[in-house]
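Below, read A as the first sequence line, B as the second, and so on, with proteins coming before strands; counting in each chain starts at 1.
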Amino acid sequence: MGSSSDSLKTWVSDQLMSMLGYSQPTLVQYVIALAKQATSTGDLVNKLSVECGSLSSSSDTLHAFTEEIFTRVPLLLDDADDDDEKRRVKRRTITGDEEGDDDGSESEEERLVRDQREEQLEQNIRNRDVIGARKLMEPVNALEQDDITALRRVSRQEYLKKREEKKVEELRDDIEDEEYLFDGVKLTEAEYGELRHKKELYEIVKKKKQSVEVDDTREYKIPEAYDQEGSVNQEKRFDVALKRCRDQECVGGKMNPFAEQEAWEDYQIGKAMLKYGSKNKRQISDDDYQFVFEDQIDFIKTSVVDGYNTDNEEVSKLLEKSKAKSALERLQEERKSLPIYSYRDELLQAIQDYQVVVIVGETGSGKTTQIPQYLHEAGYTKRGKIGCTQPRRVAAMSVAARVSHEMGVKLGHEVGYSIRFEDCTSEKTVLKYMTDGMLLREFLAEPDLESYSVLMVDEAHERTLSTDILFGLVKDVARSRPDLKLLISSATLDAEKFSDFFDSAPIFSFPGRRYPIEINYTKAPEADYLDAAIFTVLHIHVKEEPGDIFVFLTGQEEIETVEENLKHRTKGLGTKIAELIICPIYANLPIELQSKIFEPTPEGARKVVLATNIAETSLTIDGIKYVIDPGFCKMKSYNPRTGMESLLVAPISKASANQRKGRAGRTGPGKCFRLYTVCSYNDLEDNTTPEIKRTNLANVVLILKSLGIHDLLKFDFMDSPTPEALMEALELLFSLNALNERGELTMLGRRMAEFPLDPMLSKAIVASDKYKCSDEMISIAAMLSVGNSIFYRPKDKQVHADNARMNFHSGNVGDHIALLNVYNSWKETGYSTQWCYENYVQVRSMKRARDIRDQLEGLLERVGIELTSNANDLESIKKAITSGFFPHSARLQTNGSYRTVKPPQAAHIHPSSGLAQVLPRWVLYHELVLTTKAYMRQVTELKREWLVDIAPHWYQLKDAEDSGTKKKSRGEMKRL
DNA sequence: GAGCACTGC
């Protein structure tokens, strides 16, 4: 059976070879996979030509190919099923041997793992379906991929050499009757044998031709094949080369080994035209060469989004007038120039008439800064504060600063802001900007928001977890407090949804200030979006007018590769092209380096910003004219069934595609290059799934419960989380004793809710009171909640970094204690930055940990926990951790992997853990993440008795039995 | 022996 699958693969490979000139196992697999999915031959043809843009072989050939493959595929399907079955049987016998027997639970565990894998696979396939053959096409042929975007001098030579080698290979295959054909010329075996190098090849061929010829139709001809997309006619190219070769001989009397290349260059130089902007026009001398690309990415210009500038003349007049005035007056004039100003009275009227108003206005319209001021001027602050929530700390701070400036008051007096670790308000404050999470916390103290007269939820379209919860709460409050005005402000897309949610609230929309943006899609899907992005950057750099470029990538790794690649390709070019300044930016990048992107671009140079999603919302950069959007981002998803998180590269939504596009039109007309097709765009989801649907809800549930909301299933969510996720969270809280069996909040739960932490961490802190180690516990909690960015591991010093990290693990104390060691060592050095560098620890993360620790210390008092230190009793500390994390325990299996206790599933210790080599029998883990395997991160050894002692309701003795005894009893059962 | 988008309390 296996042979039929192999033969199909070989056959497909051959076919691809003849159609494309190359083939690769992954590509073969991919094509077969497509054939499996296809419903008919026509469908398959479509799929193939859509998915593999490069398969633009003549349609007849393609059709014949698909017909054939379609009849052959069923063979493979049988085969595959069979294999699967075999594997399953095999696996079953293996586990049976090892584990004794317990088929029920074993196969369930397997099913869970398999489900997960399948889900991920499906996800991967879906990703591909939207954008094309990204992953599988990637390794198709390193050379080809490289060609697509390589600048001529960098890889043209290599490319041609390879092409030629291929041609020679083909020649070799064509041997017939001891005759060797090349370009219609017969060669002897000896001559053929000498075809080691192009030079020789040309030499021989040329001589032969000269003696035989004369076929003068072979004039020097520009190979028009270059102009057609996708296909390059090798024959024509060789013709050109030969002709060129001959010319060289005649003119110079000397053989030029790169004659073919020269011909090609000449042709391209004649064809291409390097355009510079008018500002830095340069004289192009003869020996200058142009940048040309083997395969152009065809972009289709589909639409131009019009910009709208409200009352341009009026605005400029106002600005003109304001020049001569004082700073404060000028600010007032500027305020009047904002688009929102002309709608001021209507807006105030609408707010007067309705309790809830949905406001739609694009960024830059001034809604965040102006509306609260208008309301203040209209006297709303006499009854109470005006609150305005922002999803981000920086936004809250900077907007507050701006408004206080405009109003001519000191920040923190009439205008203030409130964010975690920093409350910049006073009794005088009437305009309060804050993060949405902060308002959520305020709800705990003031459930009816009595001190507020107006509440504005800004950037509602972002749908952060906190805003989503706020919606439900605020809607409820508004019903009981008719005097409370509610403003929901959002970008265009969701407006109606918001309006529906708030009982058909009126939508008040006004234009922002925006310039037209031209949107370009690719004609065919790009196999590798990274290469396509690099190509597009270079293309823009060479061909388009001055203006900075912005590239959206998914993560640090991608940014680094693209940066390297761009540097490499522009390096050897010196002054031949304008300078390209590459600015990477992602959240983990040290702040000093981040600020680089805000430096103005020097005259004559061009800046290219490589950014993650951080730029989609969090920061704006001026002067961006071109946006390159590959259409992907990393997204976290959560599986409540297994409690596993995973971070996957996923296609973005239409909403974020448009958000990204908008980055181009801030300061002038711009262009957006989407590295996917119009069809792909139409297939995208309208909106990104709100966070509430893809996250662990334990914390949310705890907050809602402590606000007195009991029936969570009936809570008015704008998008309800799955009941499964809610139940999972409730169960967890119940097992932590934060809820009683009726689902009511316990005293313990109320104390836990005070901490801005995951419930399990909060529980560990509350429990540390009993073990007299609260001092240590809050340090650990702070370190854990800064995340995984504590250790710094540069690529070139991985060994050193790993050694430094292992120093904290001496005695195999486990990762939690290691984190404590890190914190304490840092504290002992007086919070030294130098110490951090020496130990490969990130200063920024440590400072954050210190802030969090300080906050937690303050909260200890509030919930009545004494700050006690018990540094030498590691067991107590571990027991305190266990009190919070007992649901996250795992037992070592005989095969060296672990198995979590509830729900049972396979897991491994993450290699970055200090215990990765130690493999204790029982472990506790902080989180379970699915990447290539299910990994437990931050692991500490555990004694199984603790589980039974600390959480008797959760673990019965039989759960916590050692694998040895378990095996025995299982064996006995089997015998019975 | 592995890779971590972005927020927020």
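- When the nearest nucleotides of DNA chain B are assigned to A:E557 and A:E691 by heavy-atom distance, the more 5′-ward of the two goes with A:E557.
- Residue A:R937 is classed as a base contact, given a heavy-atom separation below 4.0 Å to a base.
- Contact annotation: A:Y935 reaches the phosphate of B:dA2 (side-chain N/O to OP1 or OP2, under 4.0 Å).
- Atom pair A:D854:CG and B:dC9:C1' shows a separation of 16 Å (rounding to whole Å applied).
- Residue A:F755 is classed as having no contact, given no heavy-atom separation below 4.0 Å to the nucleic acid.
- Listed by chain and residue number, A:R463, A:F471, A:P690, A:I692 satisfy the side chain to side chain contact (heavy atoms under 4.5 Å, CB included) test with A:D468 (two or more places apart in sequence, or in another chain).
- In this structure, A:T932 reaches the sugar-phosphate backbone alone: every heavy-atom distance under 4.0 Å involves primed, P, OP1 or OP2 atoms, never a base.
- Side-chain atoms of A:I614 lie closest to B:dC6 of the nucleotides B:dC9, B:dA2, B:dC6.
- If you take CG of A:D468 and P of B:dT7, they are 19 Å apart, rounded to a whole angstrom.
- Distance A:Q390 CD to B:dC6 C1': 16 Å, rounded to the nearest Å.
- To the nearest 0.5 Å, the span separating CZ on A:F885 from OH on A:Y925 amounts to 10.5 Å.
- Closest to the side chain of A:N699, from the set B:dG8, B:dG1, B:dC6, is B:dG8.
- We find that CZ of A:R660 is positioned 12 Å from P of B:dC6, with the value rounded to whole Å.
- Panel note: side chain A:S845, backbone A:S789; a donor-acceptor pair is recorded below 3.5 Å.
- In this structure, the nucleotide among B:dA5, B:dA2, B:dC9 sitting nearest to the side chain of A:P756 is B:dC9.
- Within 4.0 Å (heavy atoms only), A:Q798 reaches at least one base atom of the nucleic acid.
- Here the nucleotide nearest the side chain of A:L647, chosen from B:dC9, B:dA2, B:dC4, is B:dC4.
- Atom pair A:I703:CD1 and B:dC9:C1' shows a separation of 7 Å (rounding to whole Å applied).
- Residue A:R420 is classed as a base contact, given a heavy-atom separation below 4.0 Å to a base.
- Among the atoms of the strands shown, only primed sugar atoms or phosphate atoms (P, OP1, OP2) are found under 4.0 Å from some heavy atom of A:I419.
- Mapping A:M438 and A:A587 onto DNA chain B via the closest heavy atom, the residue that lands nearer the 5' end is A:A587.
- Rounding to whole angstrom units, CD of residue A:E442 and P of B:dG8 are separated by 17 Å.
- In the model, A:T688 has a side-chain atom that pairs as donor or acceptor with a side-chain atom of A:S653 under 3.5 Å.
- Following rounding to the nearest Å, A:L465 (CG) and B:dC6 (C1') show an atom-to-atom distance of 13 Å.
- Taking the side chain of A:T435 as heavy atoms from C-beta on, and the options B:dA5, B:dG8, B:dG1, the nearest nucleotide is B:dG8.
- Checking the phosphate oxygens (OP1, OP2) of B:dA5, no side-chain nitrogen or oxygen of A:T554 falls inside 4.0 Å.
- Per the geometry, CZ belonging to A:F791 stands 21 Å off P belonging to B:dG1, to the nearest Å.
- The side chain of A:D802 lies closest to B:dG1 when the candidates are B:dG8, B:dG1, B:dA5.
- In the set B:dC9, B:dC6, B:dA2, B:dC9 carries the atom at the smallest distance from any side-chain atom of A:R393.
- Classified by interplanar angle (parallel below 30°, tilted 30° to 60°, perpendicular above 60°), the ring pair A:Y840/A:H800 is parallel.
- A distance of 7.0 Å separates CZ of A:F552 from CG of A:D629, quoted to the nearest 0.5 Å.
- At the heavy-atom level, A:S466 lies nowhere under 4.0 Å from the strands shown.
- Within 4.0 Å (heavy atoms only), A:Q556 reaches sugar-phosphate atoms of the nucleic acid but no base atom.
- At a threshold of 4.5 Å between non-hydrogen side-chain atoms, the residues A:Q917 and A:I909 do not count as touching.
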